[in-house]
Structure formats: structure tokens, C-alpha cells
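Each residue takes its place number in the sequence, starting with 1.
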Amino acid sequence: QVQLVESGGGLVQAGGSLRVSCAASGRIFSISAMRWYRQAPGKQREFVATITSGGNTAYTTSVKGRFTVSRDNANNTVYLQMNSLKPEDTAAYYCNAYVTTIVGVRPDDYWGQGTQVTVSS
């Protein structure tokens, strides 16, 4: 069993910064891509950023230049540094990871429970 636990959300004024974290634990052999998604009230969940085990990153257009995704492979943790926050960044932020728990078995897709980020204007 694998658990993903996010932390670091909160309330911040527009223009401010927050860093959210997601730690994976449990029966983990390896983790390939780790991703961040977000979901605002009344909207569909959307992709925010991804990082491979080798450190390659990609972002949705609306956060490029403001958000930075990073990971600590030794501790199975992914981070999302969010700068110049805007009210439209308000959402629940979820991490997602492809985790191999048994060698030779296809990795499974795991999700965290989400952490709320609220940006006031």
C-alpha cells in the first residue's frame, strides 16, 4: 500500500508565495513521474506540473514562470513552489504519482488527499 500526503497549503495574499509538499510512503520500489493537479470549486481537476525521476519538468501555461516543481528522490517527496500567486490559483492541490511497488509489475497510479490553497485579492 502506498500513501501520498500533501501539506503546506494555506491562505496567502495575491502576489505572495507558498510551497506545498507531497510525501509518498509505504511499499515503494520506485516512483516515475510525480505530478501536481488542482481543482477549483465547480471546475474540473486540471494538470499543473510534472517532474520525472530524472528531473525533467513541464507546466501548464498559466503557471509557467511562477511555479517550480522539484523532488527529493531519496525521500520520495515532491514540492511545488508557488510565487506571484493570483486569486485564480485558489484551488485544492493534489499530488499524483506512478509508483512501482513490485519489481516487474506495471506501476500504479496514486493520489493524495489534497491541500487547500486560497489566494485573497
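Nearest approach of Thr115 to Ser7, heavy atoms of both residues: OG1-C, 4.3 Å. Pairing each heavy atom of Cys22 with each of Leu4, the nearest pair is SG-CB, 3.9 Å. Shown here for Gly9 and Leu18, the closest heavy-atom pair between the two residues is C-CD1, 4.5 Å. Here the shortest heavy-atom pairing between Ala33 and Thr50 reads CB-OG1, 4.1 Å. The shortest non-hydrogen separation linking Leu80 to Ala49 is CD1-CB, 4.2 Å.
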Less than 3.5 Å apart, which donor and acceptor atoms pair up between the side chains of residues 91-98 and the rest of the protein, not counting sequence neighbours?
from	atom 1	to	atom 2	distance (Å)
Tyr93	OH	Arg38	NH1	3.0
Tyr93	OH	Asp89	O	2.6
Asn96	ND2	Asp109	OD1	2.5
Asn96	ND2	Tyr110	O	3.2

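Looking only at side-chain heavy atoms (C-beta outward), Thr100 and Ile31 stay at 4.5 Å or farther from each other. Met82 places a side-chain heavy atom less than 4.5 Å from the side chain of Val117. Between Arg27 and Ile102, the closest side-chain pair of non-hydrogen atoms falls below 4.5 Å. Counting heavy atoms from C-beta outward, Glu6 and Gln113 have side chains that approach closer than 4.5 Å. Considering only heavy atoms from C-beta on, Glu88 stays 4.5 Å or farther from Ser62 through its side chain. For the pair Thr101 and Ile28, the minimum side-chain heavy-atom distance is 4.5 Å or more.
Considering only residues two or more places apart in sequence or on other chains, Arg106 meets the side-chain contact (heavy atoms from CB on, under 4.5 Å) condition with none of them. With sequence neighbours left out, the side-chain contact (heavy atoms from CB on, under 4.5 Å) criterion links Ser17 to Gln81, Asn83. Under the rule for a side-chain contact (heavy atoms from CB on, under 4.5 Å), the partners of Thr118 that lie at least two apart in sequence or sit in another chain are Leu11, Thr90, Gln116.
Atom CG of Asn75 sits about 11.0 Å away from atom OG of Ser21, to the nearest 0.5 Å. Distance CZ/Arg71 to OG1/Thr57: 11.5 Å, rounded to 0.5 Å. Atoms CE and CG, on Met34 and Asp72 in that order, are 10.0 Å from each other to the nearest 0.5 Å.
Pairs passing the ring pair (Phe, Tyr, Trp, His ring centres under 6.0 Å) check and including a residue from residues 30-72, sequence neighbours excluded, read Tyr37-Phe47, Tyr37-Trp111.
Residue Val103 shares its hydrophobic cluster (ILVMFWY side chains chained together at separations under 4.5 Å) with Phe29.
Criterion: ILVMFWY side-chain heavy atoms under 4.5 Å apart, direct or through other members. Under it, Tyr79 and Val48 are not part of a common hydrophobic cluster.
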* Any chance you could lay out the side chain to side chain contact (heavy atoms under 4.5 Å, CB included) test for Val78 and Ile51, step after step, and finish with the verdict? => CA-CA 8 Å; Val78 63; Ile51 184 166; 4.0 Å; yes
* Given the rule in the side chain to side chain contact (heavy atoms under 4.5 Å, CB included) test, do Ser121 and Gln13 qualify, once you have shown the distances and angles that lead to the verdict? -> CA-CA 6 Å; Ser121 57; Gln13 288 189 331; over 6 Å; no
